[in-house]
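To start, the structure under review is shown below, and the notes come after it.
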Amino acid sequence: MRVLALVLVSGCSFAFVRGPVRDRAPDEPVECTTTAAAPVVDTIVFMAASAAFITTTLEPPREPDPLGLAEVIHRGTQSMSLTAALFASGSAIYGLVMIERCLCAIRNSRDAP
């Protein structure tokens, strides 16, 4: 259940970070995201999902059952935590790159005559 929550929370930067508009007029102000809150949340989710993946990889399924469902649930938890970690890391990188582009665009607009 915790891993499902990590999957649902990951991707904040994809949803909330906006980069600068490429085809804006020179006299228009630059409007984009300058705060790193979303990438920080994505990084925290990445670390939590990575810890969940490592934990489930190192520990065997708790109790073997005749139907083999414990192994299926264990592998499902591994897959979901790895998916959440990869998605959150990609989102964090995207957010940081967009924020850097935004800050560069703001600096360039201030330097322009």
Using atom types as modelled, flag every donor-acceptor pair under 3.5 Å from a side chain in residues 18-25 to any protein atom, sequence neighbours excluded.
unit_1: Arg18; atom_1: NH2; unit_2: Glu31; atom_2: O; d: 3.3
unit_1: Arg24; atom_1: NH1; unit_2: Glu28; atom_2: O; d: 2.7

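The ring-ring contact (aromatic ring centres under 6.0 Å, His included) pairs that include a residue from residues 12-43 are Phe14-Phe87, Phe14-Tyr94, where partners are two or more places apart or lie in different chains. Sorted by first then second residue, the salt bridge (charged side-chain N to carboxylate O under 4.0 Å, His left out) pairs that include residues 82-93, not counting sequence neighbours, number zero. Sorted pairs that involve residues 17-37 and meet ring-ring contact (aromatic ring centres under 6.0 Å, His included), not counting sequence neighbours, are lacking altogether. Counting only residues at least two apart or in different chains, salt bridge (charged side-chain N to carboxylate O under 4.0 Å, His left out) contacts with residues 76-93 are absent.
Val40 and Leu96 fall into different hydrophobic clusters, where Ile, Leu, Val, Met, Phe, Trp and Tyr residues are linked whenever their side-chain heavy atoms come under 4.5 Å apart, directly or through other members.
For the pair Cys12 and Val41, the minimum side-chain heavy-atom distance is below 4.5 Å. Inter-residue side-chain proximity for Ser89 and Asp42 is flagged as unmet; no heavy-atom pair is nearer than 4.5 Å.
Across all non-hydrogen atoms, the minimal contact from Thr56 to Ser81 is OG1-OG, 4.3 Å.
Applying the under-4.5 Å side-chain rule to Ile, Leu, Val, Met, Phe, Trp and Tyr, the cluster around Val30 extends to Ile106. Residue Ile73 is found outside any hydrophobic cluster, as its side-chain heavy atoms come under 4.5 Å of no other Ile, Leu, Val, Met, Phe, Trp or Tyr.
Residues that satisfy the side-chain contact (heavy atoms from CB on, under 4.5 Å) test with Ser79, not counting sequence neighbours, are absent from this structure. Taking the side-chain hydrogen bond (donor to acceptor under 3.5 Å, both in side chains) definition, one finds that Thr57 meets it with Gln78, sequence neighbours left out. Residues satisfying the side-chain contact (heavy atoms from CB on, under 4.5 Å) criterion with Thr55, sequence neighbours excluded, are Glu59. For Leu86, the side-chain contact (heavy atoms from CB on, under 4.5 Å) partners two or more places apart in sequence, or in a different chain, are Leu82. With sequence neighbours left out, Val97 forms a side-chain contact (heavy atoms from CB on, under 4.5 Å) with Ile93, Arg101.
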